[in-house]
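Chain letters run A, B, ... following the sequence lines, proteins first and then strands; every chain starts at 1.
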Protein chains: 2
Amino acid sequence: MRTVDPVRYAARRRNIVEAAGGCFARKGFDRTTTADICAAAGISSGSLFHYFPNKRAVFLAIFEQDGRDNAEQLALAVADADPWAGLLGLVDHLVRPLADPDSAGLVVELIAQAGRDPELAELVVRNDRELRAGIAALLSRAAEQGRIDDQVDPAQAAHWVLGLTDALFSRAGIDRDFDPLAELPTLRTILARYLGAVERIG
Amino acid sequence: MRTVDPVRYAARRRNIVEAAGGCFARKGFDRTTTADICAAAGISSGSLFHYFPNKRAVFLAIFEQDGRDNAEQLALAVADADPWAGLLGLVDHLVRPLADPDSAGLVVELIAQAGRDPELAELVVRNDRELRAGIAALLSRAAEQGRIDDQVDPAQAAHWVLGLTDALFSRAGIDRDFDPLAELPTLRTILARYLGAVERIG
DNA sequence: GTCTATAATAAGATAGAC
DNA sequence: GTCTATCTTATTATAGAC
C-alpha cells in the first residue's frame with residue numbers, strides 16, 4: 001500500500017524551487033544558505049534534503065523547468081506560418097521573465113554559475129543552441145519570403161537576436177531605473193533595421 | 001627615516017589585484033578563498049591582510065582601476081572632432097577586455113555581485129551613467145552634423161550602445177565557441193543601421 | 001613587512017526520533 | 001515525511017614571532 005501522493009510530492013517540490021528562486025535571485029547561489037531556502041519554503045532542513053540531494057540540485061531544478069518552457073515556445077514560433085511574427089513572439093516570450101524584478105538577478109546568477117559548473121553550462125548551452133537553431137530557421141524562411149535582407153547570415157544573426165535580449169537582462173541588472181519592458185519596442189526596431197525587415201521600408 | 005617605498009608598495013598591491021582577478025574570474029567571488037588569492041599571488045595570508053582589509057576590498061580594487069581607465073577613454077572620445085569616430089573608438093575600448101578569455105567571466109561576476117552589494121552597485125552605476133552621458137553627447141553632436149538619424153533619442157540610444165557591448169560579454173560568457181571580437185564589425189553594422197548612420201546610405 | 005599558527009564562526013549535510 | 005539536534009568541514013581574519 002503506497003502512501004506517496006505524486007501530485008502532492010510534485011507540488012511540494014515546486015514550492016521549494018520557487019522559494020529558492022527568490023533567495024538565489026536576491027543573494028546569489030553561494031550566499032543563499034540551505035537555511036534561507038528552508039525558511040522561505042517554510043520547511044526544515046531535514047525536509048529540504050528529503051526532496052533534493054543538495055543545494056545545487058535545487059538551483060538546477062529551476063532552469064530545467066525553464067528549458068522545457070523555452071522548447072515549447074520555440075516549437076510554437078517555428079510552427080507559425082509567418083516567420084517574422086514567430087520571431088517577434090519568441091522574443092516576447094524570452095523577455096517575459098523581466099516583468100518579475102527578481103528575474104534579471106537570477107539570469108545573471110545563472111550565467112555566472114554556468115561559467116564554473118560544467119553540468120549547468122551544458123544545460124545553458126544546449127538551451128541556447130536550440131534557440132539559435134530555431135531562430136536561424138525562422139530567419140531563413142523570412143529571407144526566402146523577401147521579408148528580410150537575404151544578405152544576413154541566419155546563424156550569425158541568431159546570436160544577435162539572443163544578444164539583444166541578453167542586453168535587456170544585463171541593463172536591467174545594472175541599472176534599477178532602467179525599465180526593460182518599456183524598451184521592447186526599441187529592441188524590435190533595432191532588430192528590424194539590422195535585418196532590413198520590409199515593414200520598415202514599405 | 002621612512003623605509004616604505006611607495007612604488008614597491010603599489011607594485012605589490014597591483015600584483016595581488018591581478019592574481020585575484022584571475023581567481024575571481026574562474027571561481028567567482030564567493031568560491032575564491034583568500035587562500036586561493038595568496039597562492040596565486042605567491043604570498044601568505046598575513047601579507048594579504050596587510051595590503052587589504054578584507055577579501056571584498058581586493059575585488060573592489062579591480063574595478064576602481066577599471067573605472068579610471070574608462071573615464072580616461074571617454075574623455076578622449078568626447079574630445080574627438082568626429083563624434084561618430086569617437087563613438088566607435090569608445091566601443092572598441094569597451095570590448096577590448098574580451099581579448100582576455102577570463103574577462104567575460106569577471107564582468108558577469110561583477111554584475112552578479114553588484115546586485116547584492118550597494119557599494120559595488122554604486123561604482124558600477126556611476127561608471128555606467130558617465131559612459132551614457134558621454135555617449136549621448138556624442139550622439140547629439142553626430143545628429144547635429146547630420147551623420148545619424150536625428151529622430152533617435154540620444155539618452156535612450158546610449159543605453160543600447162552599451163547594451164550591445166553587454167551582449168558581447170554575455171554571449172562570450174554563455175558560449176565558449178563564440179568569438180566576441182570577430183563580431184565587432186557586426187556590432188558596428190547593427191549600430192549604424194539602428195542609428196541611421198550616413199555611411200550606410202551613401 | 002612577511003610569515004606560521006590558530007581563533008572564531010558559519011555552512012552543508014546527516015542521524016535518528018516521532 | 002517531517003522534525004530537531006548535531007557532526008564535519010571550510011573559511012575569514014587575527015595574533016604574534018621573526
Parallel, tilted or perpendicular: rings of B/Phe178 and A/His159 (30°, 60°): tilted
N or O in side chain of A/Ser44 less than 4.0 angstrom from D/dT4 OP1/OP2: no
Side chains of B/Glu183 and A/Gln156 in contact at under 4.5 Å (non-hydrogen atoms): yes
Whole angstrom value for the distance that separates P of D/dT11 from CG of B/Leu48: 15 Å
Side chain of B/His50 (C-beta onward), nearest among C/dA11, C/dT2, D/dT2: C/dT2
Candidates A/Arg132, A/Arg129, A/Arg126 - the one meeting salt bridge (Lys or Arg N to Asp or Glu O under 4.0 Å) with B/Asp175: A/Arg132
For atom CG of A/Asn54 and atom P of D/dT8, their distance in whole Å: 20 Å
Below 4.0 Å: OP1/OP2 of C/dT2 and any side-chain N or O of B/Arg12: yes
Sugar-phosphate, base or nothing in reach of B/Tyr51, heavy atoms under 4.0 Å: sugar-phosphate
Heavy-atom check, side chain of A/Leu76 versus side chain of A/Gln73, under 4.5 Å: yes
Touch class at under 4.0 angstrom, heavy-atom based, for A/Ile43 against every strand present: sugar-phosphate
N/O (side chain, B/Ser47) to phosphate O (OP1/OP2, C/dC3) under 4.0 Å: yes
When you compare the protein's N or O atoms with those of nucleotides 14-18 of chain D, which come within less than 3.5 Å of each other, and at what distance?
{"unit_1": "D/dT14", "atom_1": "O4", "unit_2": "B/Ser45", "atom_2": "OG", "d": "3.3"}

